[in-house]
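The structure appears below as structure tokens.
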Amino acid sequence: MGTEVRTALVVGGSGGVGRACALAFVGAGFEVVLAARDPDRLAAAAAEVGARSWVAADSADEDGARRIAEAAGRIDVLLAGAGVNPARAPVSDTDPATFDAILSDNLRSVFLLARTALPRMTRGGRMIFVSSTAAARGLPGFGAYAASKGGLRALAGSLAGEVGAHGVNVSVLTPGPVDTSMFDAGPPGVALLEPRQVAQAARYLAELDPSVTVEELTLRANRFHDAPTS
């Protein structure tokens with residue numbers, strides 16, 4: 001009898017960290033289902049990583065989150081990797097509508113995904129929520145983003161205490177600034193992680209023995225060490 005194929009649902013999988021994680025999961029033998037809003041970018045990413053399927057939907061919408069979970073079927077790994085910060089602005093210049101939109105995209109979406117995915121999670125499965133070191137330390141110009149990622153850590157902690165008895169792990173993956181469109185010009189003096197480095201950590205969590213709980217895994221780039229090019 002062959003080994004049962006594991007399924008990883010990657011939300012925010014059309015680019016950046018999400019796409020890199022999807023590629024890492026495929027390399028680990030997972031069947032990958034991608035989800036994001038933009039169907040054109042999503043189709044291209046799915047072809048690039050070799051995803052089993054993809055669904056274009058808004059995970060911050062109840063119906064969208066439901067369609068995403070249904071598209072995956074059984075779920076061994078849920079990676080919630082979407083994160084937006086439309087424009088850097090100090091708190092004093094951030095209007096309430098923008099603040100609400102960022103919290104919806106970065107926090108409400110994960111809340112809805114967790115609720116809809118949980119009944120489909122396998123025993124021994126793992127939810128991986130991608131947060132940010134900005135959640136603990138803040139970052140000028142990223143007030144709403146930092147608040148949303150701080151809320152994500154709190155949500156993960158509460159959820160972990162609720163679902164652990166059912167054999168589901170919840171881990172927070174917390175990278176420092178990553179070389180994506182959000183940090184086209186990185187914070188002064190701060191080295192940037194590469195998406196593939198975050199993906200390596202996500203793969204580690206996905207493949208970790210389910211009897212091991214990792215509450216949070218924090219990554220920071222070492223500016224004194226050049227990353228290998230391959």
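For this chain, numbers begin at 1 and follow the sequence in order.
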Keeping [X] on the side-chain end and [Y] on the backbone end, is there a donor-acceptor pair under 3.5 Å?
X: S171; Y: V214; value: yes
X: S131; Y: K149; value: yes
X: R126; Y: A206; value: no
X: R52; Y: A72; value: yes
X: R123; Y: H166; value: yes
X: S104; Y: D100; value: no
X: T116; Y: L112; value: yes

Tell me, do [X] and [Y] make a side-chain contact under 4.5 Å, heavy atoms counted?
X: R66; Y: R115; value: no
X: I68; Y: L113; value: yes
X: L78; Y: R120; value: no

Minimum heavy-atom distance [X]-[Y], with the two atoms named:
X: D76; Y: V5; answer: OD2-O, 4.2 Å
X: I75; Y: A69; answer: CD1-O, 4.5 Å
X: V49; Y: A22; answer: CG2-CB, 4.3 Å
X: L219; Y: L193; answer: O-CD1, 3.7 Å
X: N106; Y: S148; answer: ND2-OG, 3.1 Å
X: G13; Y: A45; answer: O-CB, 3.6 Å

Any chain of hydrophobic side-chain contacts (each under 4.5 Å) joining [X] to [Y]?
X: F129; Y: L217; answer: no
X: V212; Y: L173; answer: yes
X: L152; Y: F142; answer: no
X: V168; Y: I128; answer: no
X: L23; Y: V32; answer: yes

Say you draw a straight line from [atom1] of [X] to [atom2] of [Y]; how long is it, rounded to the nearest 0.5 Å?
X: T94; Y: Y145; atom1: OG1; atom2: OH; value: 15.0 Å
X: R67; Y: D58; atom1: CZ; atom2: CG; value: 9.5 Å
X: R19; Y: S14; atom1: CZ; atom2: OG; value: 7.5 Å
X: F30; Y: L79; atom1: CZ; atom2: CG; value: 11.0 Å
X: N169; Y: L205; atom1: CG; atom2: CG; value: 9.5 Å
X: E207; Y: R6; atom1: CD; atom2: CZ; value: 6.0 Å

Return yes when atom CD of E70 has more than 12 non-hydrogen atoms of other residues, nucleotides or ligands closer than 6.0 Å, and no otherwise.
yes
More than 12 heavy atoms of other groups within 6.0 Å of E215 CD
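No - once you tally the heavy atoms of other residues, nucleotides and ligands closer than 6.0 Å, there are 12 at most.
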